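Written out below as C-alpha cells is the structure these notes cover.
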Amino acid sequence: MTTQYLTWLLAIPALSALVVLLLPRSWETATKRFAIGAMLVEFIVSTRLILADYSEAGYRFVEHVTWVESFGISYKVGVDGISLWLVILTTLLSPIALYASWGSIKTRIKEYAFSFLLLELGMLGAFVALDLFLFYVFWELMLVPMYLIIGVWGGKDRVYAAVKFFLYTMVGSLLMLVAILYVVASYEKLAGHYTFDLQELSTLFLPAVPQYLLFSAFALAFAIKVPMFPFHTWLPDAHVQAPTGGSVILAAVLLKLGIYGFIRFAMPLFPVASQTLGPVLAGLGVVGIIYGAYAAWVQRDLKKLVAYSSVSHMGFILLGLFAMNRHGVSGAILQMINHGISTGALFLLVGVIYDRRHSRMLDDFGGLAKVMPWYTLFFLIITLSSIGLPGTNGFVGEFMILAGSFFSRTSIGFGSSWFVMTLLATTGVIFAAVYMLHAVLRIFWGKVVHPENESLPDLNRREVVSLLPLIVLVFWIGLYPKFFLDKMNPAVDSFISDFTIRYYEGRRTVEPHLTDLDELKLRLKGVRSLAMTESTGEDVQR
Amino acid sequence: MHLEAPQQILLLLIILFPLGGAIINGLLGRYMAKGLVTLVGVGSVAVSFALAVASFVELYGLHHGVEEAALAYHFYEWFSLKLPGGTVVPVNVQFVMDSLSGVMTLVVTGVGGLIHLYSIGYMGEDEGYPRFMSFLNLFMASMLILVLGSSVPVMFVGWEGVGLCSYLLIGFWYENRDYAGAGRKAFVVNRIGDFGVLIGMFILVGVAGSFEFADINSAAVSGQFRPDFPLWIFGVAPSLATVACVFLFLGCTGKSAQIPLFVWLPDAMAGPTPVSALIHAATMVTAGVYLCCRLSPLFITSDVAMSIIAVTGTLTALLAASIAVVQREMKKILAYSTVSQLGFMFAAVGVGFFAAGFFHVFTHAFFKACLFLGAGSVMHAVHAHGDADIFKLGGLKKQLPITRWTFLASCLAIAGFPLTSGFFSKDEILLGAAAQIYRRDDLLMNSVGWFTLIGLTLAAVMTAFYMFRLYFLTFTGEYRSADQSGDHPYDAHPHESPPSMTIPLVVLGIGALGVGFLGLPHVVPVIGTHLSDYSWWGNWMEGSVAGHAVPEEMHIVNLASGLALAAMAIGISAAWVLYRNKSTDALTDRMPARLYQLAFDKWRVDELYAATIVNPIKKVATVAGRADMTFVDALMTKWPSFKVRETGRILARMQNGVVQMYGAVMVVGVVAVLAWFWTPHSHIEVGFEGTKVELTTPQGLGYEYRWDANSDGEFETQWAETPTTTFEYAQDDIRGVAVFISHVRSGVERRIQVTEEWTPVPIESVAPIATLAATERGFEVRIDGQDFVFRRPDPPTLLAGKEELRLPMSKGGRLGPARVFARPLVEATVEVRNTFGNTRRTTKEIVLPFPIAEAPSHASLMPPTREVVR
Amino acid sequence: MSALMGLSPLLLLVAAGLAIMLVDAFTSERSELALVTAASLFVGAALAGAMLAGGDIAPAPDVVTRYLAVDELGLFFDIVICVGAGLSALLAGGYLREHGFERGEFYVLIIFTAFGAMVLARAVDLLSIFLGLETMSLGAYALVAYRRTSARAVEGAVKYFLLGSFAAAILLFGSALLYGATGHTDLAGIREVVAAGEADATLTILALVMLIAGLAFKVGAVPFHMWVPDAYEGAATPVTTFMSVGVKAAAVAVLLRVLVGAFGDPVSMGLYTGWTPVIMLMAIVTMVYGNLAALAQTSVKRMLAYSSIAHAGYILVGLAAVHEAGSFAVSSVLYYIAAYTVSNVLAFGSLILMGSKGKEAVSYDDLAGAGRRHPMAAFPFVIGVLSLLGMPPTAGFFGKYYVFSAAVSAGGPMIWVAVIGVLASAVGAYYYLKVIVYLFMREPEEDQPIAVPMQSIYVTVALVLAGYYVLKMGITPSRYLDWAASAASSLIG
Amino acid sequence: MGIGTYLALASVLFGIGAAGFLARRNMLIQLMSIELMLNAVNVLLLAFNRAYPGNHDGQVFAFFVIAVAAAEAAVGLAILIAYYRIKKTLDTDDATLLKY
C-alpha cells in the first residue's frame, strides 16, 4: 500500500484546523465553507478505505514510523474490518454535525470550526492507532475540543457539564495510562526493549491477578466513555448542555470509542480477565438497558430522553460484545454504527426544534405533525430506527446482539445467566418503544396547544441535507447490512479465534511470558476446532 | 438458501407494488391530485391482487394431491448468524407461496383491495386521504411480507411492519391524543408479544440451525425439539418445543389479541373504519393464527403448549363474547367479537386442528370485514364519528337496504347459520375439540378437550346473541335519532352509501355466505353421507399445515354439529325475543346492575393491568429517573467531588500565614523523617535452592540481624551484619498445610487453611464440576496424613458417587475445572536492630514448594507443580 | 582552556552580569536590558546545548571538578536554568515596564541568581552546595522583595528569607554531620565511605535526614513547602516564574546529586531501609496536598504556586523510582523538570500577558471572558495549563508519562504511588480547567474590571518560544529525551 | 574532651537556635536565632575536623559559613527594614497578609 491514506486522513483535519486558525475572524462564511469542504474531502478520502479487500483478517493501509525510539513509541496506524466503519462513521458524521451546527452557532465560528476539526482528528486517530501510546494521545486529544464545544457553545449549565465530562473521562483514562505503562514495563522486562506496538504487546501473557487489575483499569476508562451504568451520569449533563453538533458527535462517535477500546485493546491484551469479567460487564450493560430506558421514559427534556436512550442502547452493545461470538460482536459493531446514525440524527432533530423554539421540553410541544409534516416524517423514521423496527438499521444490530447473547454459551445457548440477560435485554426492546413513542406522542400528536407552535417552519434545506444521508443509511443498513457485515466479519472471526487461543494460553499463565500467537496456534493441539468453537466459555477438553 | 421450488418473481412484485404505492403517496401524495392518489393507492393493490391470483393459479397447477408444492423467490441474503460450532445461518430475504400462504395472500390482497375501494368513498373527503392511502398500502406490503416470508426473521419484518401500520392508522386522526394514545398502546402491547417472538426465534434457530420455516418444521418432525430445555423452570424441565412455542404464542397473543394481551384491540377502533375492517378484523390480527399454522409441525409436538393455546383461546372467546354482549357501540361490539372469534381460531389450533383454525381465519376475513364495512357504512350514513351507539340507531333497513342485507348475511355467517361460511368453519372447530375428548386418554388433554368444547359452545351462543342484538337494534324498529332528541343525536336523514362502498359490501357479503363451501366436510352430520372423498380445504392445506385427522366417527361429528346448531339457535332466538323491533336494552334490565357494569367496563382488565403492571413500572421508572440525577449522580460524582474540594479547602487553611507555624511544620517534617529511620524495617524474602531455603531481609545502614528460621523461639544465628541466612526445614518445623485452589477458567488462585478437622471451604472461585448442577458448590476439606480429603456435606457424594475425594498433598490435583494442590507451611522470623538500638521482629509464613520427607533426601524431591493438569 | 569551555555558560553569565551592572549605572534607558539579559542567558543555554549535543565534554582539572562537576548533568541543568531565567527575563521586560517599576538591578539579580542556581546544579561538594545555594537564595530573596513598596512582596520576602535561612541552617548542620561521619565534603568521597559501610551509621542517618529536609525545602516538597505559596504570591509574577523554574530546577539537581550521587548505593537507597520510602511518602503527600490545596484557590497565581508544589511531588515520584529503575528514573526527573520549566513559563507568562497597567491579572475573576475577547492572547494560556495538566501532545504529558513510567518500571509499591499520582493529577485537572472556564466560558461580573491584555513584544516572544518548546517537546521529544538520558547516565552509570 | 562533648554542645546550640526561631515572634530575634544555629554548625565543623586531621575541609567550611552568614544577614536585614517601613512592626503574627 503505497499511498498513505491514513496519514492523509489525519493530516487533512490537522492542517485544516491550522488553516482555520489563520483565517481572519471576519471571514465567517469562508471559514464555514472551508471547514465543511475539508471534512467532505476527508470523507471522500476515507471512502477509499472501503475499496480495500477485507476478506482476510488483518490490518490494511498500515504505516509504521518510529516516533520516540528510546521508548518504543511509534506512529503505527492501520484499519481492519472493525475500525473501518467507525472511521467512515466519523468522517461522515463530522461534516453533517458541523453543517447542522450553523443553525445555532452564530458566534465564534472560527473557534468552533477549529474545535471540530481537532475533534475529528482525535477521533480518527484513536480509531486507526495501532500503538497504545498513539492511541492514548489521540484519546486524550479528543477531550479538549469536546470540552470546549460543550463549555463555550453549550447551554445554561454548560460549564458544569463540560468540566464533569472532562474530569470523569480523565480519571478513567489516567488509570488506563498507568495500566498501559505496566504492560509496557512487563514487556520490557521480558523482551529487553520498550514497545507500545499493540501487536507486539499482544504476545505478552500476564498472570491472573495483574490481568484483573489492568483490565479493570482499562475497563474503567472505556466504561466511562461508553458510558456503562453506573458511570453514565456525565452523559445526560453533557448531552443536554452541548450544542447540537457537539451532541451529535458525542453520541455518534465519542461513545463508540469506549466499545472500540474494549475490542481493540482491553480484550486482546487481557483475555482471561475479559472472559471472566465480561459477563459482569454485560450484566451491567443489561442494567443499563433497562435503567436507561426507565430513566428516559420519565424525562421531560427531549434531549435528556435521547441521552438516556443512549445509555440503554450502549448497554445492548456491551451485551453483544461480551457475548464473544461472531454475531454478538459483529452486531455490536454494527449497532455502534446504527446508534451513531440514529442517535446522531435524533440529536439533529432535537436541534431543529430547539433552534425554532429554544425549548426542548416535551410540554412545550404537541401537534407538530400538522405544522411540520416533513419533520414528523423524518423524526418517525429515526424513531423507528432507534426502537429497532425491522427494515431499519436498528433491528439488524439488536437482533444480532440478542442472538449473540442468547448463543453465548452452548449450542442452544442457555448458560443460565446469559439466558436471563437475554430475556431482560429483550424487554429493553419493549421499553424502547415505550419511551420513544411517548416522546413522539407528546411532540407530534394531539392538537397544537401552544400558539407559538402554530407557524413553525418545516425543515429547511440545510436540515434536510444534513438528515438525508442518515435516513438513507437507516434503510441501507436495515435492508442490506451484508455490505457492511461482509467487511467486518473476517476481522471479527479472527478477533474471536485469537481471543480464544490467547484465553486458553492466558489462563495457564503463572509467570509472565512472551509467546507469539502463531507459535501458540502451532502448539495448541486441535487448534482448528478451537478456532471454530466460538463458545469461549467452555472447556476445550469437553 | 434456495428452496427447491420454482423461482417466481411475481412474489416479489406482489409486495413491491403496494410498497411503491405507499412511498409515492407518502412522499408526494400531498402534492398530487386526489384522483392520482386513488389510482396509485387502489391501483397498486389491484395489480398486487392480480399478480397474487396469477401466482396462485400457477401454484394450483403445481399442486398434486397431498404433495407439497410451493413457489419461491430468493431476493438476497440479508445477514447471517454464526452459531456455536461454526454453522453459518443465513437470513434470506426469500418469499414462498405454498398452499397456506397462497390462500392468505389472496385474502389479504382480495379483501384488502375491496377495503381500499371502500376507502375511496369513506375517506375521500378527509384531508389526510393521501396519507391514509399511503399507510394502507404500507400495511398491505407489510402484511404480504409477513405472509410470504419464508423464514422467521423475514416474517418478523412484516410482523412488526403491520404493527407499525396499525400504530399509524389507529392514530390516524392524530389531533385527538386519545386516538394517538390508542395507537401507542397497540404498538407497545404488540412489542411485548414481539419479545416472545424474538426469544422463540432464537430457540428455533438454535435447535434447527436454520431460520427457514421449512427447515424448522422438518427439524420438528424429526424430533429435534423433543429434548428438555436446559434450564429448569419452576422445578420442571419442559421440552424445547414447549418453551419455544410458549414464547412464540406470547407473540401471537399480542398480535392476535388473546389473553393476556388483548386489551389493545378494542381501543384500536379509534382508527377509521376501513382500518378496523382490514387490519383489526380481516388480516393483521389473524397473523398469530397464521404463525401457528406455519409452524404447526412444531406446535403439535408439544402437548403442553397446545393445551395452553387451547385454554387461552377458549377463555378469550368467552371473555370477549361476554363483554360484547353488553356493549352499546357498533365497532366496540365488533371488536370484541373479533377477539372472541380469534379465540375460536386459537382454540382450534390448540386442539390440533390447524386447518380448521385457518379456515376460520379465511371465512372470518369475509364476514368480519363485511360487518365492519357495514358498520362504517351505517356511521357514514348517520354521520357518526368514531363510533356509533346502537341505541341511537334502529330501523335503518329502510334507508340502507344494501348495507342491511350484507350485514345480515354476515351476521348469519358469524352466528353459524347452516350453510353459511361460519357454519362450516365453526363446526370444524367444535369437531376438533370433541375429537380431542374422544381420542386422547390422558387427563390433561381430555380435560382441555372438554373445557374447549363447552367453552366454545357457550361462546358460540353468546356470539349469535350479540350479533343479532346488534343487527336488530340497528336495522329493525324505529330510527331513534329521527326526532333529534337525546344527547348528540345522529343525522336525522340517513342515506345509502356510494357505490364505491357498497360494491365491497356486496362482494364480501356474498363471500360470507359462500366461501364456506370450500371447506365442505367429509361427512354430513346426522345423515352420515360422505359428500366427497375429502374436504377440498383440508386437502389443500395438508401440504403445508400439520394437524390431527378429521374424525369421521358419527357420534363425534353429531355432537359437534349439534352443539353448533343449538348454540346458533339459542343465541339468535334469544336476541329475536329481546331485541327485535325493540329500542331498549332488554338484557341489561334483567341483569344485576353491578354485573352489567363490570361487563360493560370490560371486566376492568385495563384497570387491573394499570394497577398491577403499568403503574408499578411507571413508578419504578419515575424513581429511576429521579434517582439518577440525585442518588446515582451524587454517589458517583457529586459526593466525591465535594469531598475532594472540601479536603482541599481544609488543607489550604493550614497555611495560616504565620512564619512560626511554617517553621513548626518543617520541624515536624524533620521529626517525621527521623522517626522513619528511628525504627528498623525488615521484610523477609525467600529463595529456594534445592531443599535449602534462602532467607533475606533488606540491608540497612548500621543494621544487625539474627534469624530464627523456623520460628521456634530459638535464634539460629547471632547478631550479625549479614542479612541473609540459609536453612533446611525438617518435618517438625511444619506449621500447617496450605491448600491452593485455583479457578482454571479465571486463573484466580485462593489459598485456604485446612486442619485435620473437616473445614468448610469458601470456594466461590471454584466452578462446579461438569457433572454437578450449578447450585451445588462448596466443599469440606481436611488433612489426613499426607493426603487431603474433600467431601461435599450435602449431598454426601462427590465425583462419580465417591464419598470423598482424596488428593495427595503437594501434587497438582484436579477438581472439575479447578486446580488444587497442597504445600507445607513453615514460618521464619528475623530480628533486626538498627544503629539507634531499636529492634523489630518480623515473621513470615513460607509455603514450601516441595514436600518434606522425614529425613531430607534429594531423591524424593518433586519439582514445583503449578502447571495445569490437563 | 578546556576547563573554561566546560564552565563557559557560568563564566558567560558572570561576565554578562557585571556588564549589565555597568550599563545600568551609565544609562537611563532600561528596556534593552531585558533583551541583553535574555540574550546572554540564551547564549549560555545554547553553549550548553551545543556541548551536550556534541557529546564530548573536555575533561576539566580536578581542582575544578572537586567542587563543580563538568558533566552532562550540569550542562542539562545549565540549559534548563538558562532557558527558564531567560524567558523570565523577557517576561520581566514586558511586565516591569507595563507596571512601571523597571530598574536595572532586577536583571543583574536574575542573572546572578541564575548563576547561583547553575553553580548549585553542578555542585559536587558540600561546600559548593552551600555556596551555590546561598548565592541563589540571596538573589532570590532580593528578587522577591524587589517590589519593595508592596506589602505583599516584602512579606513574602520576609517569610521566604526567614524560612530559607532556617532550612539552610538545617542543611548545613546535616552537612557538618556528614562530614563528621565520613571525613569528606566531596560527594564522591562520601559515597565511597558510605557504600563501604565505614561511615558512622548514626551520624550518617541524622545527616541524611537533615539534608533531605534542607533540600526538600528548596524543591518545595510537603511538609517543607509552607513558604512556597506565600513567596510565590508575594513576588512579582516574573520573579515567581523564575523561582518556580530556575530555582526549583537547581534544587532538583542538587537533590539528585546528593541522594543519587552520594547516597546512591543500594543500602542507602533501599526500598525498606534507605531514603526511598521517605521520598516515596513525601511524593505522595506532596502530590495530594499540592493538588488538593490548589483546588481551593481563587487566585490563579497562588493556584500555580500550589500546583508547583504538586509538580514537585511528581518529580519526587521519579526520584523514588531510582532505586529500581536507575538512570531511566533519573532521566525522567530531568525531562520532567525541563518540560515543567517551559510549561510553567507559558502559564505564568500568559497570566502576565492578561494584565495591563493598573489591572494586573491575578485571580480567576480577572480572567473572566478574556478568551472570548482576545482569543489569540488566551491561546498560549490554554496550551500552558493543558501542558501542566498533562494533556497530549504537550511537553507536560510526556514528562508525566515519563515519571510514571519510571515508577511503574520500578514496580512494587511504586505502582501504587503512580496510581495515586495520576488520581491526584486528575484532581489537578479541575483547577487547570478552571482557567479555561474563566477565559472562555465566563463573563466578568457587572462591577468587575474587564481584563485587557498588555501589548508587549517581549512577553509575546517569550510566550511564542515557550509555546514552541511545549509543543515540540510533546510532539517530537526524542532529542530532549536523549539529552536527559545522557545527563542521567553521567550521574548514575 | 572527646568529640561527643562538642557534638552535644553543637546540638544544644542548634536546638536553642531552632527553638528560638520557632518561639519568638520578633523577626530580628528569629534572624539572630538562625545565626546561632549557624554557629552551632561551625562548632561542629571544627570539632569534626579534629577527627580527620588529613585535611582542613572542616575549618575552611567554617570560614565560608561565617562569610556567607554575614552576607545573609545583610540581605535579611535589608528585607526586614523594608518590611518595617511598610508595616511598622516586626511581629510575625502580623505578617499574615499572605495565607491560605
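The model shown is predicted, which means the values in this text are computed figures rather than measured ones. Throughout, a chain's letter reflects where its sequence line sits, starting with A, and its residues are numbered from 1.
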Turns out that what part of C:A167 lies under 4.5 Å from chain B's heavy atoms comes down to both
Here the pair of heavy atoms bringing C:M226 nearest to B:M654 is CE-O, 3.9 Å
Exercise. Does the side chain to side chain contact (heavy atoms under 4.5 Å, CB included) test come out yes or no for B:F677 and C:V278, once each step is laid out?
Worked result: CA-CA 9 Å; B:F677 287 108; C:V278 172; 3.8 Å; yes
Measure from the side-chain N and O atoms of B:Q655 to the backbone N and O of C:P229, and report whether any donor-acceptor pair falls under 3.5 Å.
-> no
- Query: Side chains of C:I205 and B:F836: closer than 4.5 Å at any heavy-atom pair?
  - Reply: yes
Is any side-chain heavy atom of B:T835 less than 4.5 Å from a side-chain heavy atom of C:T204? no
The interface call for B:V667 against chain C, heavy-atom contacts under 4.5 Å, is side chain
Comparing C:V427, C:V222, C:V267 against chain B, the one with the most heavy-atom pairs below 4.5 Å turns out to be C:V267
Are the side chains of C:W227 and B:V659 in touch, meaning some heavy atoms are under 4.5 Å apart?
-> no
Output for pair (B:Q699 CD, C:D265 CG), nearest 0.5 Å, gives 9.5 Å
>> If you count every heavy atom of other residues, nucleotides or ligands that lies below 6.0 Å from B:Q660 atom CD, does the total exceed 12?
In response: yes
CG of B:N656 to CG of C:D230, rounded to nearest 0.5 Å, is 9.0 Å
Would you say that more than 12 heavy atoms from the other residues, nucleotides or ligands in this model lie under 6.0 Å from the CZ of B:R840, or not?
yes
Shortest non-hydrogen pair, C:L163 vs B:G663, comes out as CD2-N, 3.7 Å
Highest number of heavy-atom pairs under 4.5 Å with chain B among C:Y289, C:Y431, C:Y272, C:F166 belongs to C:Y272
message = Please check if the number of heavy atoms outside B:K638 that lie under 6.0 Å from its NZ is greater than 12.
response = yes
Pair count under 4.5 Å, heavy atoms only, with chain B: among C:G274, C:A213, C:G270, highest is C:G274
(message) Do B:W676 and C:V209 make a side-chain contact, defined as non-hydrogen atoms from C-beta onward lying under 4.5 Å apart?
(response) no
The interface call for C:L208 against chain B, heavy-atom contacts under 4.5 Å, is side chain
Is any side-chain heavy atom of B:Y662 less than 4.5 Å from a side-chain heavy atom of C:L162? no
What one should report as the nearest heavy-atom pair of B:A652 and C:A296 is CB-CB, 4.1 Å
Got a sec: does the CZ of B:F688 have more than 12 other heavy atoms crowding it under 6.0 Å?
-> yes
CE of B:M666 to CD1 of C:I170, rounded to nearest 0.5 Å, is 4.5 Å
| said: Please determine whether the number of non-hydrogen atoms from other residues, nucleotides or ligands lying under 6.0 Å from atom CH2 of C:W416 exceeds 12. | reply: no
Is the closest side-chain heavy-atom distance between B:L701 and C:T273 below 4.5 Å? no
Most contact-rich option vs chain C, by heavy-atom pairs under 4.5 angstrom, among B:S641, B:A672, B:G657, B:G702, is B:G657
